[in-house]
Amino acid sequence: MPRTLAVANQKGGVAKTTTVATLGAALAELGQRVLLVDLDPQACLTFSVGIDPEDLDKSIHHVLLGGVRARDVLIELDGAPDLLPATIALATADVQLARESGPEQVLRTALRPLRTAYDWIIVDCPPTLGLLTVNGLSAASDVLIPLQCETLAHRGVGQLLDTVHDVQRLTNPGLHVLGVLPTLYDGRTTHARTVLETIADTYSLDVLQPAIPKSIRFAEAPAIGETVLSTAPASPGAKAYRALAGALLY
Ligand code: ADP
Ligand code: MG
């Protein structure tokens, strides 16, 4: 069985997509078979690995709502994780899923036939707590919460954890909260450290190590379909994601 990691936070801009792409690439470097799943209608993950969603006639949307098999949609990329791409068609998926029976479990069911093909499945959740995110959580063994350590970052963490607890209660009792991953982290400021400690204490969450440092390098890589692992392999950001991948594996 693959470990299925949902990367979730309903706040946008906290590095969910960056974490999915870069952590996935780091696990692939370690010889792991990795599938990335883009559940965000904005399709930023799909873009960031160099694919234009406009060129696709099938996406995860057709898997969730059109009876298409995941293996008929997934894209294999050279020397990188495979991808289940998104398109803007997903924008209406929350509403359409609500009409299905067992609407929370559709992704879980769709991924089941792929379970022997991968060691890791990493799901990029959209910045909402709607049915797409609930599908990501219901399909997952673990949830990782990227968190930008700034004032007010905690707003919404309680709500996200309420959703996680609902999923644990109703559809996926085995779902494990891996913890919060500090992203865009500026450890030089005591402010960032204080915010992080407060959140971890308030919600009894583990803080994953290492924190991902804030770096301009992260802005450049997705524009050319790469991650910092290849565009800036010796950068602190690349090292941090490699270390995180190692920590998850061993
Ligand atoms: P989300 O998926 O949570 O909305 P993204 O991964 O798209 O967040 O990241 C939001 C923005 O922050 C992007 O422009 C991305 O390039 C940038 N970014 C991500 N991680 C870092 C980092 N560690 N340092 C600086 N910028 C980052
Ligand atoms: Mg995103």
Side-chain angles (χ1 to χ4, degrees), residues 5-26 36-51 53 59-60 81 83-88 90-91 93-94 122-130 132-133 135-137 140 143-150 152-157 159-160 163 178 180-189 191-193 195-196 199 207-245:
L5 191 61
V7 176
N9 186 335
Q10 74 274 32
K11 199 165 174 334
V14 297
K16 290 182 290 298
T17 301
T18 304
T19 296
V20 170
T22 316
L23 179 62
L36 308 183
V37 180
D38 192 351
L39 270 193
D40 187 345
Q42 305 292 324
C44 292
L45 178 64
T46 301
F47 268 114
S48 80
V49 302
I51 292 165
S59 76
I60 185 82
L83 173 76
L84 270 176
T87 61
I88 191 66
L90 261 191
D94 263 12
I122 311 182
V123 182
D124 189 18
C125 294
T128 66
L129 290 174
L132 283 170
T133 293
N135 263 270
L137 294 171
V143 51
L144 180 156
I145 304 169
L147 200 75
Q148 189 179 352
C149 303
E150 56 185 14
L152 304 181
H154 64 283
R155 295 196 67 234
V157 172
Q159 245 184 326
L160 173 60
T163 304
L178 214 49
V180 294
L181 176 67
T183 54
L184 296 120
Y185 191 66
D186 185 353
R188 290 169 307 179
T189 64
H191 178 65
R193 288 197 300 270
V195 170
L196 187 58
I199 292 168
V207 177
L208 301 172
Q209 302 285 345
I212 310 299
K214 190 171 201 166
S215 155
I216 187 65
R217 296 294 195 165
F218 282 97
E220 309 158 356
I224 52 168
E226 309 257 345
T227 71
V228 288
L229 301 192
S230 50
T231 59
S235 63
K239 286 181 183 157
Y241 275 110
R242 285 202 177 96
L244 178 66

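Just so we're clear, the structure is a prediction, and the values are computed from it rather than from any experiment. Computed over heavy atoms, backbone and side chain alike; hydrogens, waters and symmetry mates excluded. Counting convention: from 1, in listed order, for ligands and their atoms alike.
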Based purely on interatomic distance, does [X] place a nitrogen or oxygen under 3.5 Å from a nitrogen or oxygen of ligand 1?
X	value
Gly12	no
Ile212	no
Ser215	yes
Lys214	no
Asp124	no
Ile216	no
Pro222	no
Thr18	yes

Can you tell me if an N/O/S atom from Thr18 lies under 2.8 Å from the Mg ion (ligand 2)?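 Given the 2.8 Å cut-off, Thr18 does not count as a ligand of the Mg ion (ligand 2).
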Atom pair [atom1]/[atom2] of [X] and [Y] - distance to nearest 0.5 Å:
X	Y	atom1	atom2	result
Tyr241	Thr227	OH	OG1	10.0 Å
Asp94	Leu132	CG	CG	4.5 Å
Ile145	Leu160	CD1	CG	4.5 Å
Leu244	Leu23	CG	CG	5.0 Å
Ile88	Gln42	CD1	CD	5.5 Å

Might you point out which heavy atoms bring [X] and [Y] nearest each other, and give the distance in Å?
X	Y	value
Asp38	Ile60	O-CG2, 3.3 Å
Pro146	Thr183	CB-CG2, 4.0 Å
Leu229	Thr22	CD1-O, 3.8 Å
Val195	Glu150	CG1-O, 3.5 Å
Pro53	Ala43	CG-CB, 3.6 Å
Leu90	Ala86	CD1-CB, 3.8 Å

Less than 4.0 Å from [atom], is there any heavy atom belonging to the protein?
atom	result
atom 11 (C) of ligand 1	no
atom 21 (C) of ligand 1	yes
atom 16 (O) of ligand 1	yes

Does even one non-hydrogen atom of [X] get within less than 4.0 Å of ligand 1?
X	answer
Ala219	yes
Ser48	no
Gly13	yes

Closer than 4.0 Å to some heavy atom of Pro213 - which atoms of ligand 1 meet that?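 Numbered from 1, ligand 1 contributes 22 (C), 23 (N), 24 (N).
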Need the ligand 1 atom indices (1-based, order shown) with element for anything under 4.0 Å from a heavy-atom of Val14.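 Near Val14, the atoms of ligand 1 are 1 (P), 3 (O), 8 (O).
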Report the nearest protein non-hydrogen atom to atom 7 (O) of ligand 1: residue, atom name, distance rounded to 0.1 Å. Thr17 CB, 4.0 Å
Students should be able to answer this: which protein heavy-atom is nearest to atom 8 (O) of ligand 1, and at what distance?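 Protein heavy atom with the smallest distance to atom 8 (O) of ligand 1: Ala15 N, 3.0 Å.
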Counting heavy atoms only, which of Val228, Leu184, Thr19 is nearest atom 26 (N) of ligand 1? Leu184
In terms of its nearest heavy atom to atom 3 (O) of ligand 1, the top option of Gln10, Lys16, Lys11 is Lys16
Hey, does Thr46 have a side-chain heavy atom less than 4.5 Å from the side chain of Leu83? yes
Evaluate whether atom CD1 of Ile224 has more than 12 neighbouring non-hydrogen atoms of other residues, nucleotides or ligands under 6.0 angstrom away.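 Buried by this count: over 12 neighbours within 6.0 Å.
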